[in-house]
Each structure stands twice: as structure tokens, then as C-alpha cells.
Amino acid sequence: MPELPEVETIARGLAPGLVGRTVLDARFLCPTVLADCPSPDVFRAGIAGRRIDAVRRRAKLLVIDLAPAPGNDYPAHVAVHLKMTGRLWIAQAAAEPPKHVRFQLFLDDGHALFFQDQRRFGNCRLVADLMSWPFFAALGPEPLESDPKALAARLGKKTARIKALLLDQTVVAGVGNIYADESLFAAGIRPDARACDISPARRKKLFAALQKILARAIAAGGSTIRDYRTPEGLEGGFQNDFSVYGRGGQPCPRCGLPLSVTKVAGRTSTFCPGCQG
DNA sequence: CATGCGTCCTGCTTGC
DNA sequence: TGCAAGCAGGACGCAT
């Protein structure tokens, strides 16, 4: 469930405890959490002795930038995808890992980064060159760093449903089901509308609304539906500001009609049949 | 190429 | 009260 605002909150929360530290080792409590790597030992050797230069977000990925080190004489990155239920926090290295902890990164100050993931959808990987990773190279623009008009132009001739395109990480990066539904409501667009049937002005309005909603969600520390927590263990606050997500059957906050629930692009989609159309 | 759909995974919720 | 089916959803593999 962590989408752009949640991963941004996590990156900001982890940075003070990680940046400047040196990585000593890693431990995998679940073998499948490690993606695109021949073995845990290859990963461990690849990170050992490196200093953490930065902790940042790209799309829904948490990216840890690692400096070169003796024996590892090139920059590298650890990329973590939290998917639905992933959580990250820093604790004493000797702390007993709670249930569903899949991975630990041990630091030179006696602490460790813990990665917990109940549903095992999440993963982490060690990447020397991010752009040689096809998924990363194909990511679309960051919505908060782009002109809404330029984003709108990216889907001008597409016939797919607008909801499917918002969720497509190559169209725009970092949007998931929550912020897709919320921005479609704000722009007055049905989730099952075909992109080519939406006027350029309304498509621009959609991305302007997306920017505003993402910024407000980051300011609130993200949205907690069930599993998401900040690195400090706190729930987000933006779930209290939802207009439609998870509110099927309840009155539309704008017109009072009951909100409809459908499946679009295989995802539950909530919208107002009066305001979006 | 573009689009759409089934699959993975596990714990909570719903329904009989 | 108990148990099974349903549901959540990001990315990917495959079908059309």
C-alpha cells in the first residue's frame, strides 16, 4: 500500500539514521525477499564496508545510495519495494526481529535497518547502475516534479481507461489505488473513462489535482489503511481526508449521492456517479 | 505495440 | 461459534 507519499515519508524518516553510516552486513530471514541476486552472500559482499551517501525515493521505491569501498570500487544502490505491507525502521541491531521481518541491514553504530513484510510481496535488490534495471529505466516522470500539462500530454491518444494509466508506472511514477481514486474525484473524471475521451483541459486538471493531493498527503505523513507506519511507528494522517477511497456507499462529500464501487483495471475503484462523469 | 487479465501472498472480514 | 470463501493490491507474465 505504500505509495509515493508514504515512501517519501519513510525516506525522510530514515535518512537521519542512515546517511553517513557504514553498512557492515545484511541478514535475510526470508530468501525470496532478495530479488535479482544469485545468493544472499553475493548481496552481503556487495554492500560490506560502504558508506550511505543518501536515502531517497523514486516512484514507490526507497533507494539507498552507497559509496564505493575497498573491494567494492564502484557506486551502488539498495532499492526496496514495500509493495502492500512492507515496513522499514531502525532499531538496535541486537533487537529480536518481530514476526515477518524479512531482511536486516547492519550499520556501524550498533543499529540495523529492519524490513518487515507480512504478505511477502516486497523485495530488495542491490543495483550497480539503476538505469540498467529495466523497471527503473522505464519509470515515468515524478508527478511532483513535472508540469501538469506535460503529464496530461503523455496520455493524449491512449485508449486505455484513465485509472489504468494512472496506475501505470511508466506513465507517471508513484501513484497507486488511493491517490488515483482521490485525484480522479477531484478532477471530476470517471475512473473507467478512456483517456482519449477526456479533454486536454480536464486531463491537465487531473494532474494538477494529483500534485495537490500528493503534497497534502506527504504533509500528513501518508495514509494508513491498515499496515503502513512511518519509521517512528506512527500512523499517517491523510486517511482522514479521503473523499472517496474506501468510502463506497457513503454520501459523496460534494453532492451527497452514494459513492459507487466498481472494478477498473482489476482494482477496486470508488467514485461519485454524479460528480464524476 | 497496446491493452487487459490472472497470479503471487497472508491475514482480516464476510457470509453461511 | 466455526469454517471457508472473499478481499486487498503492485508488478509481472502471458493472451489477445
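The structure presented is a predicted model; accordingly, all values stated were derived computationally and were not measured. Here is how names work: the chains are called A, B, and so on, in the same order as the sequence lines, proteins then strands, and each is numbered from 1. All values below were derived from every heavy atom in this structure, side-chain atoms included, with hydrogens, water molecules and symmetry-related copies excluded.
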Checklist entry - Could A:Arg50 and A:Tyr74 be counted as a cation-pi pair, given that NZ or CZ must be under 6.0 Å from the ring centre and within 45° of the axis? => result yes
Checklist entry - Out of C:dG10, B:dT10, B:dT3, which nucleotide sits closest to the side chain of A:Thr159? => result B:dT3
Checklist entry - Rounded to the Å, how far apart are A:Asp36 CG and C:dC12 C1'? => result 12 Å
Next on the checklist: Starting the side chain at C-beta, find the nucleotide from C:dA11, B:dC9, B:dG4 nearest to A:Lys60.
Outcome noted: C:dA11
Checklist entry - Taking the side chain of A:Leu167 as heavy atoms from C-beta outward, which of B:dT3, C:dG10, B:dG4 is closest to it? => result C:dG10
Checklist entry - Stacking here means centres under 5.5 Å and planes under 30°; does A:Phe121 stack on C:dG9? => result yes
Checklist entry - If only side-chain N and O atoms of A:His81 are considered, is one of them under 4.0 Å from the OP1 or OP2 phosphate oxygen of C:dG10? => result no
Checklist entry - What is the distance, rounded to the nearest whole Å, between atom CG of A:Leu82 and atom C1' of B:dT10? => result 17 Å
Next on the checklist: Here's a test of your reading of the structure: between A:Arg119 and A:Leu139, which maps to the more 5' nucleotide of DNA chain C?
Outcome noted: A:Arg119
Checklist entry - Which residue, A:Arg161 or A:Lys99, contacts DNA chain B at a nucleotide closer to its 5' end, judged by nearest heavy atom? => result A:Arg161
Checklist outcome for this item: To the nearest angstrom, the CD1-C1' distance between A:Ile178 and C:dG10 comes to 13 Å
Item to check | Among C:dG9, B:dT10, C:dA8, the one nearest A:Lys263 by side-chain distance | outcome: C:dA8
Checklist outcome for this item: Taken to the nearest whole Å, CG/A:Leu155 to C1'/B:dA2 is 14 Å
Next on the checklist: Tell me the interatomic distance from A:Gln118, atom CD, to B:dT13, atom P, rounded to whole angstroms.
Outcome noted: 11 Å
Next on the checklist: Would you call the rings of A:Trp89 and A:Phe114 parallel, tilted or perpendicular, taking 30° and 60° as the class edges?
Outcome noted: parallel
Next on the checklist: Distance check needed: B:dG11 C1' versus A:Asp117 CG, whole Å only.
Outcome noted: 13 Å
Checklist entry - Below 4.5 Å, heavy atoms only, C-beta onward: do A:Arg254 and A:Cys272 meet side chain to side chain? => result no
Checklist entry - A:Ala265 or A:Arg102: which one's nearest nucleotide on DNA chain B is closer to the 5' end? => result A:Ala265
Checklist entry - So what does A:Thr85 touch, heavy atoms closer than 4.0 Å: a base, only the sugar-phosphate, or nothing? => result nothing
Checklist outcome for this item: To the nearest angstrom, the CD1-C1' distance between A:Ile225 and C:dG10 comes to 15 Å
Next on the checklist: Quick check: do A:Phe242 and A:Asp181 have side-chain heavy atoms less than 4.5 Å from each other?
Outcome noted: no
Checklist entry - How many angstroms lie between atom OG1 of A:Thr85 and atom CG of A:Asp227, to the nearest 0.5 angstrom? => result 5.5 Å
Checklist entry - Among C:dG10, B:dT10, B:dG4, which nucleotide sits nearest the side chain of A:Ala160? => result B:dG4
Checklist entry - Hey, does A:Gly266 reach any base, or is it just sugar-phosphate, or nothing, if we go heavy atoms under 4.0 Å? => result nothing
Checklist entry - Do A:Arg21 and A:Arg51 come within less than 4.5 Å of each other through their side chains, counting heavy atoms only? => result no
Next on the checklist: Any side-chain N or O of A:His100 below 4.0 angstrom from OP1/OP2 of B:dC9?
Outcome noted: no
Checklist entry - Does A:Tyr245 put a side-chain nitrogen or oxygen below 4.0 Å from OP1 or OP2 of C:dG9? => result yes
Checklist entry - Between A:Gln169 and C:dA11, is there a side-chain N or O to OP1/OP2 distance below 4.0 Å? => result yes
Item to check | Base B:dG11 paired with A:Arg226 side chain (donor-acceptor, <3.5 Å) | outcome: no
Item to check | Selected nucleotide, minimal atom distance to A:Arg194 side chain, candidates C:dG9, C:dA11, B:dG4 | outcome: B:dG4
Checklist outcome for this item: Taken to the nearest whole Å, NZ/A:Lys83 to P/B:dG11 is 18 Å
Checklist entry - When we call it a touch if two heavy atoms are under 4.0 Å apart, what does A:Arg267 touch: a base, just sugar-phosphate, or nothing? => result base
